[in-house]
Protein chains: 2
Amino acid sequence: MATGRTHRPATRSRGIPEATVARLPLYLRALTALSERSVPTVSSEELAAAAGVNSAKLRKDFSYLGSYGTRGVGYDVEYLVYQISRELGLTQDWPVVIVGIGNLGAALAGYGGFASRGFRVAALIDADPAMTGKPVAGIPVQHSDDLEKIIAEDGVSIGVIATPAGVAQQVCDRLVAAGVTSILNFAPTVLSVPDGVDVRKVDLSIELQILAFHEQRKAGEEAGAEPGALPSAPAPYAATEGDAPARGGKGGGRKGPDGDAPAVMPA
Amino acid sequence: MATGRTHRPATRSRGIPEATVARLPLYLRALTALSERSVPTVSSEELAAAAGVNSAKLRKDFSYLGSYGTRGVGYDVEYLVYQISRELGLTQDWPVVIVGIGNLGAALAGYGGFASRGFRVAALIDADPAMTGKPVAGIPVQHSDDLEKIIAEDGVSIGVIATPAGVAQQVCDRLVAAGVTSILNFAPTVLSVPDGVDVRKVDLSIELQILAFHEQRKAGEEAGAEPGALPSAPAPYAATEGDAPARGGKGGGRKGPDGDAPAVMPA
DNA sequence: ATTTGTGAATATTTTCACAGCG
DNA sequence: CGCTGTGAAAATATTCACAAAT
């Protein structure tokens, strides 16, 4: 899903399925909340509800980690918090650098959820000289000229890119060259990285588009058809020509000077 | 994946698989970039590379939309942009409200990727009276007292929650009561919503945790075992007791006053 | 009595590989 | 030819349902 190319069966290693890995943080969050309320044990049913999944799935997920529950009783909260943390690698310290300190970068820097897990914001990096030295969330911003040095000195292996899309790839290249092997990308671009480097992306507008899709569906279903909008099923095989840009029409093409690519994203 | 309970076959309607829907925005972005460079056609191979997927998957995805390509040639860029936009519901205008105007909310408000698709930031809402009237990204912040009125007046059906976790559920409840049926949640909480309301979540720290998992794997593989860290396979069935919080130990339990739950997230 | 852990059944997603069309 | 569109196969993921454990 993120690794370079065909390489290993993706879900390799001791073979915890990717889908399960993606849910572990969810369970961990729910468990941490219970832990804080000093709840000693939970059943799969309760925990599943708190995490927003169904209990069969949760039990199956946990079964990949080992037999950490007690039949007839449930799971010991503290014990499970520890086991999941360990599995996720959160029992060790992960220094992280955030590159691009605009609104988003600042939000990330101040985000409590990082510090409370094994993550430590080792440095904030921005290309704007005016930002250099300015403290954001209590951490002084450093200039991107020093990127390589910072990464080497702190032994950083995880980088967060919160720059404008236009410079994301070059920032990525520098991070990778400097030794970073995991990247969380907020810029709306596909990053290409060498094999062995993991990239995960968070694209704010993609999520909205998925919502729009479902929203549209709801509107179309609610009463046969909509006024202006297309009705439910625009039969496959181009039944809906007419107001579509005449297929193959190579001429001008609409789309103002605001299309999308250089996405303004705060830097 | 977000709808209330067992209800409809999830991937219902004209039956575009969820996995495909989730990739359409990706294709759209790549196509828009091509469109801006006035590229008239693309092959599945090229487009797949630009979108970061493999070409068989892309062709399969497009096959759910209809036969929009030309054998031996490829896909007409403009035509495909239109078809995907329409499928995603982006040919109509979606007014969106953002609740919680901290760093994150401000980043979202200024995010170019919204405006460039069918999304229009109809209002920014914050509970802090000091924020009221202050323009953020050119839009004046409104007070949350007026939330219901704003949603009704603008016919908003999509809401973005960027508040602290502690108030996310109540904000959600108000949004839903006021008529919002799709929610994008950035607060690290599981929101419960009535049937028929879609929720998608973006959790910044979850993504990092998934990266940490893979990062840990890399470290463990690279040379048999690690110094301090656990080696690759902590055999199932609790082989790894010892430094774990004695199972069932109900007493104190570690965990400072910084656990996680009330997550500080900027408001 | 409960509630876990898990095989087996089902559903979904990805990938292969090639017929068919332009 | 080259490239799409798609059945069929393979791989993943989810759900069922119940035996086993406390």
Side-chain angles (χ1 to χ4, degrees), chain A residues 1-3 5-24 26-27 40-49 51-77 79-80 83 236-238 247-248, chain B residues 1-3 5-13 15-24 26-27 40-49 51-77 79-80 83 235-238 247-248:
Chain A
M1 180 179 271
T3 335
R5 194 68 52 173
T6 15
H7 187 36
R8 265 172 286 205
T11 316
R12 74 298 142 88
S13 287
R14 211 250 292 9
I16 297 181
E18 264 305 306
T20 294
V21 171
R23 279 187 297 265
L24 292 181
L26 232 56
Y27 301 142
T41 58
V42 256
S43 67
S44 60
E45 201 70 58
E46 294 164 329
L47 184 54
V53 303
N54 89 15
S55 66
K57 184 147 57 183
L58 177 143
R59 287 200 302 278
K60 184 62 114 180
D61 283 342
F62 285 178
S63 80
Y64 293 115
L65 308 183
S67 277
Y68 295 151
T70 307
R71 295 173 197 233
V73 178
Y75 300 90
D76 180 275
V77 173
Y79 186 69
L80 203 46
Q83 292 298 345
Y237 288 87
R247 200 168 182 177
Chain B
M1 179 182 264
T3 335
R5 194 68 53 174
T6 15
H7 186 38
R8 265 173 285 205
T11 318
R12 73 299 141 86
S13 285
I16 298 182
E18 263 306 306
T20 294
V21 171
R23 279 187 297 265
L24 291 181
L26 230 57
Y27 302 142
T41 58
V42 256
S43 67
S44 61
E45 200 70 59
E46 294 164 329
L47 183 54
V53 303
N54 88 17
S55 66
K57 184 147 55 184
L58 177 144
R59 286 200 303 278
K60 183 61 114 180
D61 283 341
F62 285 178
S63 81
Y64 293 116
L65 308 183
S67 275
Y68 294 153
T70 306
R71 295 173 199 234
V73 178
Y75 301 91
D76 180 275
V77 172
Y79 186 68
L80 203 47
Q83 292 299 345
Y237 290 86
R247 200 168 182 176

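Taking only side-chain nitrogens and oxygens, Y64(A) never comes nearer than 4.0 Å to OP1 or OP2 of dT12(D). Regarding contacts with the backbone of dT15(D), a side-chain N or O of N54(A) is found under 4.0 angstrom from either OP1 or OP2. Residue K60(B) places no side-chain N or O under 4.0 Å from the OP1 or OP2 atom of dT6(D).
Between the CG atom of D61(A) and the C1' atom of dT15(D) there is a distance of 12 Å, given to the nearest Å. One can place CD of E46(A) at 14 Å from P of dT2(C), the figure rounded to the nearest angstrom. In this entry the distance linking CG of L58(B) with P of dT13(C) reads 16 Å, nearest Å. In this structure, E18(A) atom CD and dT14(D) atom C1' are separated by 16 Å, rounded to whole Å. The interatomic distance linking R23(A) (CZ) with dA13(D) (P) rounds to 8 Å, in whole Å. One can place NZ of K57(A) at 13 Å from C1' of dT12(D), the figure rounded to the nearest angstrom. Per the geometry, CD belonging to E45(B) stands 12 Å off P belonging to dC16(C), to the nearest Å. As rounded to whole Å, 17 Å separates atom P of dT4(C) from atom CD of Q83(A).
With sequence neighbours left out, R23(B) forms a salt bridge (charged side-chain N to carboxylate O under 4.0 Å, His left out) with D61(B). For T41(A), there are no side chain to side chain donor-acceptor pair (under 3.5 Å) partners two or more places apart in sequence or in a different chain. For F62(B), the ring-ring contact (aromatic ring centres under 6.0 Å, His included) partners are Y27(B), Y75(B), not counting sequence neighbours. In this structure, the side-chain contact (heavy atoms from CB on, under 4.5 Å) partners of S55(B), at least two apart in sequence or on a different chain, are S44(B), E45(B), A48(B), R59(B).
No engagement by F62(B) is indicated, since no non-hydrogen atom pair under 4.0 Å with the nucleic acid exists.
Summarising the geometry of E46(B) relative to V42(B), their closest heavy-atom pair is OE1-CA, 3.4 Å, with the distance given to 0.1 Å.
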How does each nucleotide of nucleotides 17-22 of chain C score, in 5' to 3' order, for protein heavy atoms under 4.0 Å: base (B), sugar-phosphate only (S), or none (-)? B-BBBS
Under the side-chain contact (heavy atoms from CB on, under 4.5 Å) criterion, do L47(A) and L80(A) qualify, and how do the steps go? CA-CA 11 Å; L47(A) 184 54; L80(A) 203 46; 4.3 Å; yes
Verify side-chain contact (heavy atoms from CB on, under 4.5 Å) between L65(B) and I16(B), making sure each step is shown before the conclusion. CA-CA 8 Å; L65(B) 308 183; I16(B) 298 182; 3.6 Å; yes
